[in-house]
Amino acid sequence: MRKNIAAGNWKMNLTLDEGQKLASEVINMAKGEVSNDAEIILIPPFVHITSVEKLVGSAANVKVGAQNCSDQGSGAYTGETSVSMLKSAGVSYVVIGHSERRELFGEDNALLAAKTKAVLDGGLKPIYCCGEKLESREAEQHFAVNKEQIEEGLFGLSKEEILNVVIAYEPVWAIGTGVTASSDQAQEMHAYIRGLIAEKYDQETADSISILYGGSVKPGNAQELFAQPDVDGGLVGGASLKSRDFVDIIKSF
Ligand SMILES: O=C[C@H](O)COP(=O)(O)O
């Protein structure tokens with residue numbers, strides 16, 4: 001059955017000292033306070049991964065993620081980071097296709113499909129992001145936009161492969177804006193995405209995949225969002241930079 005997941009995407013924030021302090025606080029607070037079986041994923045910038053991984057150590061329910069990777073295996077790709085490098089540094093998950101990568105760095109569905117495949121081939125798990133912009137929602141194109149991102153990014157995968165994918169629905173209009181999708185809006189889109197997977201693969205496969213919501217998740221709204229039947233957790237940005245807030249979100253399952 002699918003897992004509940006609270007993933008903290010630090011984006012391009014925090015110095016190494018600040019990142020180590022945050023990771024230690026989250027790990028210690030989670031150890032003492034979290035009684036549910038949610039998987040916690042810390043997703044620092046690349047340069048902090050090794051240090052954070054050392055702090056995580058053997059904490060069974062805490063994993064380390066990366067915010068991006070190359071679709072290439074190795075070679076003359078200055079500035080890029082391969083999946084095998086991430087794996088050797090102790091990374092378990094890789095965020096693929098965050099809207100900031102799509103929008104600011106021009107990553108399209110074809111490249112994201114290649115990155116997703118590279119992550120799976122390397123033995124790690126992709127957290128594949130989808131989500132519509134405000135104008136698409138206002139034009140009632142939000143289902144079509146998410147369908148295209150899911151189909152083009154993921155549907156080249158086999159059933160065995162897609163079972164190792166986590167999906168994150170992040171409406172762009174809710175990211176970093178303080179505006180959260182209502183729990184009904186989140187549930188509606190998550191159920192729709194799960195339905196697409198059931199149609200392409202089968203219901204059992206669809207029911208096994210964790211679908212996270214992202215976009216201004218906070219301690220005050222996490223419980224209602226996570227209570228929705230198709231919302232299996234959150235990909236948290238801003239609130240994951242504060243240990244107290246992030247741990248309170250983890251406790252909301
Ligand atoms: O990856 C996380 C999402 O972009 C959400 O960010 P946010 O919680 O700051 O809105």
Side-chain angles (χ1 to χ4, degrees), residues 4-14 18-19 22-23 26 38-46 48-49 52 63-69 86 91-105 107 112 115-116 119 124-134 136-137 142 145-146 149-150 153 165-183 185-186 189-190 193 210-226 228 231-253:
N4 288 329
I5 296 174
N9 176 10
W10 298 0
K11 306 193 179 181
M12 196 175 76
N13 291 297
L14 307 179
E18 291 165 346
L22 174 62
V26 169
E39 183 145 280
I40 302 164
I41 309 175
L42 301 177
I43 312 177
F46 287 135
H48 301 349
I49 283 175
V52 170
K63 302 278 187 249
V64 180
Q67 298 175 18
N68 184 27
C69 69
L86 295 173
V91 163
S92 304
Y93 290 89
V94 186
V95 177
I96 299 292
H98 190 283
S99 64
E100 289 148 17
R101 301 292 320 168
R102 291 177 184 269
E103 186 66 17
L104 303 173
F105 301 96
E107 297 194 0
L112 299 173
K115 289 189 177 195
T116 300
V119 171
L124 303 185
K125 295 184 181 190
I127 301 176
Y128 181 83
C129 302
C130 61
E132 79 285 355
K133 293 185 196 165
L134 184 58
S136 302
R137 183 161 278 266
H142 45 300
V145 168
N146 283 279
Q149 292 173 346
I150 294 285
V165 174
V166 172
I167 294 173
Y169 167 58
E170 299 206 313
V172 179
W173 46 272
I175 295 177
T177 58
V179 179
T180 315
S182 69
S183 49
Q185 286 173 320
M189 186 59 78
H190 284 224
I193 292 168
S210 298
I211 307 180
L212 314 183
Y213 167 79
S216 299
V217 176
K218 303 177 240 248
N221 58 27
Q223 201 164 10
E224 191 183 336
L225 286 161
F226 297 173
Q228 302 307 308
V231 178
D232 306 306
L235 180 55
V236 185
S240 76
L241 298 173
K242 295 181 191 136
S243 52
R244 180 71 270 156
D245 284 0
F246 189 49
V247 172
D248 284 345
I249 289 169
I250 301 163
K251 288 161 74 180
S252 300
F253 289 102

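Every number for a ligand or one of its atoms is a count from 1 in the order of the listing.
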Taking it one step at a time, do E107 and R101 satisfy salt bridge (Lys or Arg N to Asp or Glu O under 4.0 Å)?
CA-CA 6 Å; E107 297 194 0; R101 301 292 320 168; 3.0 Å; yes
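The ligand atoms of ligand 1 that sit less than 4.0 angstrom from a heavy atom of G215 are 5 (C), 10 (O). Those atoms of ligand 1 with a heavy atom of H98 less than 4.0 angstrom away are 1 (O), 2 (C), 3 (C), 4 (O). Close approach of ligand 1 to N9 (heavy-atom distance below 4.0 Å) involves ligand atoms 1 (O), 2 (C). Within ligand 1, the atoms closer than 4.0 Å to a non-hydrogen atom of S216 are 7 (P), 8 (O), 10 (O), numbered from 1 in the order shown.
Here the protein heavy atom with the shortest distance to atom 3 (C) of ligand 1 is E170 OE2, 2.9 Å. Protein heavy atom closest to atom 9 (O) of ligand 1, with residue, atom name and distance, is G238 N, 2.8 Å. Among all non-hydrogen protein atoms, the one lying nearest atom 8 (O) of ligand 1 is G237 N, 2.9 Å.
Within the 3.5 Å criterion, the main-chain N or O of I211 finds a donor-acceptor partner in the side chain of D232. No donor-acceptor pair closer than 3.5 Å links the side chain of S216 to the backbone N or O of T180. For Q185 (side chain) and S182 (main-chain N/O), a donor-acceptor pair under 3.5 Å exists by modelled atom type.
Using cut-offs of 30° and 60° for the angle between ring planes, the F253 and F226 rings count as parallel.
Within the structure, the closest approach of K11 to ligand 1 falls below 4.0 Å when heavy atoms are considered. Heavy-atom distances between A174 and ligand 1 reach below 4.0 Å in at least one pair.
Counting heavy atoms under 4.0 Å from ligand 1, residue C129 does not touch it at all.
Here atom 10 (O) of ligand 1 lies nearest to G176 when heavy atoms of G176, G214, A239 are compared.
For E132 and R137, the salt-bridge test passes: some basic side-chain N is under 4.0 Å from an acidic carboxylate O.
No side-chain donor from either of Q67 and H98 sits under 3.5 Å from a side-chain acceptor of the other. For the 3.5 Å distance criterion, the side chains of Y93 and E39 qualify, holding a donor opposite an acceptor.
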